[in-house]
Protein chains: 2
Amino acid sequence: MQLDSFDIAILVALQHDGSITNAALAEVVNLSASQCSRRRAALEQAGVIEGYSARLSAVKLGFGLRAIIRVNLSSHGQGKESDFARFVASQPQIRSAFSVSGDADYVLDIRARDLEAFADFVHRHLLPHPQVAQVRSEIVLKTLKDDAGVGPL
Amino acid sequence: MQLDSFDIAILVALQHDGSITNAALAEVVNLSASQCSRRRAALEQAGVIEGYSARLSAVKLGFGLRAIIRVNLSSHGQGKESDFARFVASQPQIRSAFSVSGDADYVLDIRARDLEAFADFVHRHLLPHPQVAQVRSEIVLKTLKDDAGVGPL
DNA sequence: CCCAGTTCGCAAGCATCGTGCATTCGCGGG
DNA sequence: CCCGCGAATGCACGATGCTTGCGAACTGGG
């Protein structure tokens, strides 16, 4: 799918405010509301827009702590890694998980209520996992930026 | 604000699909549409729901590469760190940035078109920054999980 | 037992959405 | 230069979904 400048403007507006009305969108991008509606539908159909989400306040919901954890597995390169993937999927505290190249095997983005809950997670769930060999944590002190954005559109 | 199980259910549904209608929401949480509407409004008013965003496909928009970068600053603990914060804000390729405790000072979440664009960013923008002393990168090979979710609700 | 405060579902009025249709714009062939 | 075709656009209208007033139901305290 080929995107023109109107599409880009629509995407930028929508990723900033997903509940904007087509009429308001029309004013921003200088198009009629019906066209905005059609282009939105096309972008959703094409999979450029994967969906919409509510942004929830982590602090107000009692998740004050965030951490980035680098994990090294022991059974390196074995097919059993899907086991770790299942573990990741089963832990709701793991917000994101990436298999990475570098000196770590995985990078996890963790949420927890507080430092105690975080330590509990690491020592009671993560470290005891049979494949986990090493865990190195960085605890988030301050969030400078946390865009939902996808990149420099 | 005190949240009951209905509110939690609404939040879970909304963070999964922010464009769900109140009628559909009503079926999921076993409430009337009007109550869902009222509770949504209250949750937005209280700041529990910060807003809504469209989830865009990074791949379809040409941002195939993602990386986690740990950065160490040279002028450690000085007031001039706001300079680095301004740098972070000015770089659209930096999706998220956290000041962390651990052996690194900052952790960045980076998007780029490809490996070349990523290397260009690191060597032409990040490393030349006067305060940056050390940069260690982990390039994302595979995303196991990438919840917009805020934690185990 | 009664009353006040809160929460609930219903229904009506209203804003928003999305499709049909006629028009315009841009481009390539004659 | 003109014509014709297809894509894109704006308008209008029917349909859908939102929201607020209202009376009923529930709850806790006196």
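Residue numbers begin at 1 in each chain, while the letters A, B, ... track the order of the sequences. Please read these numbers as outputs of a predicted model, since none were measured by experiment.
- Following rounding to the nearest Å, B/Q2 (CD) and C/dT6 (P) show an atom-to-atom distance of 15 Å.
- For A/R40 and C/dT16, the CZ to P distance is 13 Å, given to the nearest whole Å.
- Within 4.0 Å (heavy atoms only), B/R39 reaches sugar-phosphate atoms of the nucleic acid but no base atom.
- Both A/L11 and A/V28 belong to a single network of hydrophobic side chains, linked directly or stepwise wherever heavy atoms of I, L, V, M, F, W or Y lie under 4.5 Å apart.
- Side chain of A/S37, nearest nucleotide from C/dG18, C/dC8, C/dG20: C/dG18.
- Taking the six-membered ring where the residue is Trp, B/F84 and B/H129 present perpendicular rings, their angle passing 60° and hence far from 30°.
- With B/S53 as the fixed residue, the side-chain hydrogen bond (donor to acceptor under 3.5 Å, both in side chains) test singles out one of A/R55, A/H16, A/Q15: A/R55.
- Rounded to whole Å, atom P of C/dG9 lies 13 Å from atom CD of B/E27.
- Within 4.0 Å of B/T21, counting heavy atoms only, lie sugar-phosphate atoms of the nucleic acid but no base atom.
- The separation between A/R38 atom CZ and C/dC17 atom C1' is 12 Å, rounded to whole Å.
- Among the nucleotides C/dG18, C/dT19, C/dT7, the one closest to any side-chain atom of B/Q35 is C/dT7.
- The backbone N or O of A/G47 lies less than 3.5 Å from no partner atom in the side chain of B/K60, so there is not a single donor-acceptor pair.
- Chain A approaches DNA chain D within less than 4.0 angstrom (heavy atoms of the protein), and the contacting nucleotides run 5' to 3' from D/dT9 to D/dC11.
- Nucleotide C/dG9 holds its P atom 13 Å from the CG atom of B/N22, rounded to whole Å.
- Here the C1' atom of nucleotide C/dT19 and the CD atom of A/Q45 are 16 Å apart, to the nearest Å.
- For the pair A/Y52 OH and C/dC17 C1', the computed distance is 13 Å after rounding to whole Å.
- Defined by atom type and a distance below 3.5 Å, a donor-acceptor pair is missing between the side-chain atoms of A/S5 and A/D7.
- Checked by atom type and distance alone, the side chain of B/K145 pairs as donor or acceptor with a backbone atom of A/I94 at under 3.5 Å.
- Put simply, the side chain of A/S74 gets close to the backbone of A/Q131: a donor and an acceptor are under 3.5 Å apart.
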